[in-house]
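Numbering of residues begins at 1 and proceeds along the displayed sequence.
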Amino acid sequence: MTVTYGLSWKKQNASGGFDLRAICITKMRPGDCSLNPNTDKPRYFLMAAIHARELTTAELAWRWVDLLISGYNVTQISQHY
């Protein structure tokens, strides 16, 4: 599931731009992906590829998401989330 958590500077100033989006990876319960910080589940935020030519962080983020999704109920890391 993806959630919009804000607007780019350009979009805020009516110069084009984009919505700022995040991926929410969890075993869903009502409200799990809301922007309300009051939850009993831990949250982890990874920001990647925010600068030009920043190739390594994009690859790292993609592999982390892949590990969490493909290893769900299999790996020790993903069993807790």
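Formation of a donor-acceptor pair under 3.5 Å by the D66 side chain with backbone atoms of W62 is not found in this model. Looking at Q12, its side chain never comes within 3.5 Å of a backbone N or O of W9 through a donor-acceptor pair. Looking at T57, its side chain does come within 3.5 Å of a backbone N or O of A49 through a donor-acceptor pair.
Looking only at side-chain heavy atoms (C-beta outward), R21 and V3 stay at 4.5 Å or farther from each other.
Looking at residues two or more places apart in sequence or on another chain, you find a salt bridge (Lys or Arg N to Asp or Glu O under 4.0 Å) between E59 and R63.
Both I23 and Y44 sit in one connected hydrophobic cluster of ILVMFWY residues. Membership requires side-chain heavy atoms under 4.5 Å apart, directly or through other members. Under the 4.5 Å side-chain heavy-atom criterion for grouping Ile, Leu, Val, Met, Phe, Trp and Tyr, F45 is connected to I50 within one hydrophobic cluster.
Test L68, I69, L67 against V65 for side chain to side chain contact (heavy atoms under 4.5 Å, CB included) and you get one pass: I69.
In this structure, L20 places its CG atom where more than 12 heavy-atom neighbours from other residues, nucleotides or ligands lie under 6.0 Å away.
The structure places CH2 of W64 at 9.5 Å from CD1 of I25, a figure rounded to the nearest 0.5 Å.
The heavy-atom pair separating A58 from A48 by the smallest distance is N-CB, 4.2 Å.
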